[in-house]
Amino acid sequence: GYFELNGTTYSADLDGKYLVVQDNSDSNAIAAWSWSGGDYTLDTAVATQAEIDTYAFVHHVREWGQIHAPEVGMVTEKLTARVNRSDLPCNAYYDGRINMQDPEGSCNDTGENADIVYHEWGHGFHYYSVQTGGVDGSVGEGAGDVVSILQTGDPVLARYFYTNGSGIRELD
């Protein structure tokens, strides 16, 4: 949105009511930007593309959750997304937080791939949706895949996951 502010120095971070994005390449682990007067644009001059994309993608999939299951904890509770992780070669995972790796070897940055963000959010959605019993890992993979494909309409999960442009798997 557009905000008109008076003063000389302002700062902001990607920390809202339902999501905080933490950047592991930042020494403080939370992205923060400062600017003085004039127009301000959140872009790659002040944030990583993974921070910006993950923030947008999580809000997009959360809107879907609000429509279809507004009572599920993944929709109602605050989520942490950690991007630019260097300890996750060609991977991402959900452990109560969404964890996204930075580009490494044959893999692109998972925080910049909507399908991967949607998939990992889907793991949390599955976790919070279980009414009795436990979370089954294979069912969770399917749940993550379904959430992703419902967002994109693309049967190829995570096109451009690999630097050669290929995805992880085909869901059709």
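This chain uses plain numbering: 1 for the first residue, then up along the sequence.
- The line from CD of Gln22 to CZ of Arg82 is 6.5 Å long, rounded to the nearest 0.5 Å.
- Within the 4.5 Å cutoff, the side chain of Val156 has no heavy atoms near those of the Leu171 side chain.
- Going from atom CG of Asn84 over to atom CG of Asn99 covers 12.0 Å, rounded to the nearest 0.5 Å.
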> Taking it one step at a time, do Ser86 and Glu104 satisfy side-chain contact (heavy atoms from CB on, under 4.5 Å)?
Replying inline: CA-CA 8 Å; Ser86 60; Glu104 183 176 319; 5.6 Å; no
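- Inter-residue side-chain proximity for Val146 and Leu150 is flagged as met; some heavy-atom pair is nearer than 4.5 Å.
- At a threshold of 4.0 Å, the pair Arg159-Asp154 counts as salt-bridged, since one of the basic side-chain nitrogens sits closer than that to a carboxylate oxygen.
- Val21 and Tyr18 fall into different hydrophobic clusters, defined by Ile, Leu, Val, Met, Phe, Trp and Tyr side-chain heavy atoms under 4.5 Å apart, directly or through other members.
- The shortest non-hydrogen separation linking Gly111 to Thr54 is O-OG1, 2.9 Å.
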>> Could you walk me through whether Glu112 and Tyr160 satisfy the side chain to side chain donor-acceptor pair (under 3.5 Å) test, starting with their C-alpha distance in whole Å, then the side-chain angles of each, then the deciding distance to 0.1 Å, before giving a yes or no?
In response: CA-CA 10 Å; Glu112 296 177 21; Tyr160 302 102; over 6 Å; no
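- The heavy-atom pair separating Cys107 from Gln101 by the smallest distance is CB-NE2, 3.9 Å.
- Between the side chain of Glu77 and the backbone N or O of Met74, no donor-acceptor pair lies under 3.5 Å.
- Aromatic ring centres of Trp64 and His60: separated by at least 6.0 Å.
- Cluster annotation: Val139 and Val147 are assigned to distinct hydrophobic clusters (Ile/Leu/Val/Met/Phe/Trp/Tyr, side-chain heavy-atom contacts under 4.5 Å, transitive).
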>> Asp145 vs Arg169, test: salt bridge (Lys or Arg N to Asp or Glu O under 4.0 Å). Steps then yes/no.
In response: CA-CA 9 Å; Asp145 287 356; Arg169 58 186 160 266; 2.8 Å; yes
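- To the nearest 0.5 Å, the span separating NE2 on His119 from CD1 on Ile168 amounts to 7.0 Å.
- With contacts defined as side-chain heavy-atom distances shorter than 4.5 Å, the pair Cys90/Ser106 qualifies.
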>> If you apply the rule side chain to side chain donor-acceptor pair (under 3.5 Å), what do you find for His126 with Tyr94, and how did you get there?
In response: CA-CA 11 Å; His126 172 234; Tyr94 176 81; over 6 Å; no
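- Taken to the nearest 0.5 Å, the CG atom of Leu19 stands 5.5 Å off from the CG atom of Leu79.
- In this structure, Ser148 contributes its side chain and Asp115 its backbone to a donor-acceptor pair below 3.5 Å.
- Counted by atom type alone, Asp109 and Asn113 present zero donor-acceptor pairs between their side chains at under 3.5 Å.
- Two residues are said to be in side-chain contact when any heavy atoms from C-beta on lie closer than 4.5 Å; Val75 and Trp121 meet this criterion.
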> Thr163 and Asn108: side chain to side chain donor-acceptor pair (under 3.5 Å), yes or no, with the steps?
Replying inline: CA-CA 6 Å; Thr163 55; Asn108 288 309; 5.7 Å; no
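- Between Lys78 atom NZ and Lys17 atom NZ the span is 11.0 Å, to the nearest 0.5 Å.
- With Ser129 contributing its side chain and Phe125 its backbone, the two residues share a donor-acceptor pair below 3.5 Å.
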> Can Glu141 and Ser138 be said to form a side chain to side chain donor-acceptor pair (under 3.5 Å), step by step?
Replying inline: CA-CA 5 Å; Glu141 284 303 309; Ser138 60; over 6 Å; no
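- Closest approach of Gly73 to Tyr128, counting heavy atoms only: CA-CD2, 3.6 Å.
- Between His123 and Tyr127, the distance separating the two ring centers is not shorter than 6.0 angstrom.
- We find the CG-CE distance between Asp23 and Met100 to be 13.0 Å, quoted to the nearest 0.5 Å.
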>> Show, in sequence, the C-alpha distance, side-chain angles and deciding distance for Phe161 and Ser166, and conclude whether the side-chain contact (heavy atoms from CB on, under 4.5 Å) test is met.
In response: CA-CA 6 Å; Phe161 177 81; Ser166 65; over 6 Å; no
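- Annotation: side chain of Ile149 is not in contact with side chain of Leu157 (no heavy-atom distance under 4.5 Å).
- Here the side chains of Val58 and Val117 are in contact, with some heavy-atom distance below 4.5 Å.
- The closest side-chain heavy-atom distance from Tyr93 to Asp95 is below 4.5 Å.
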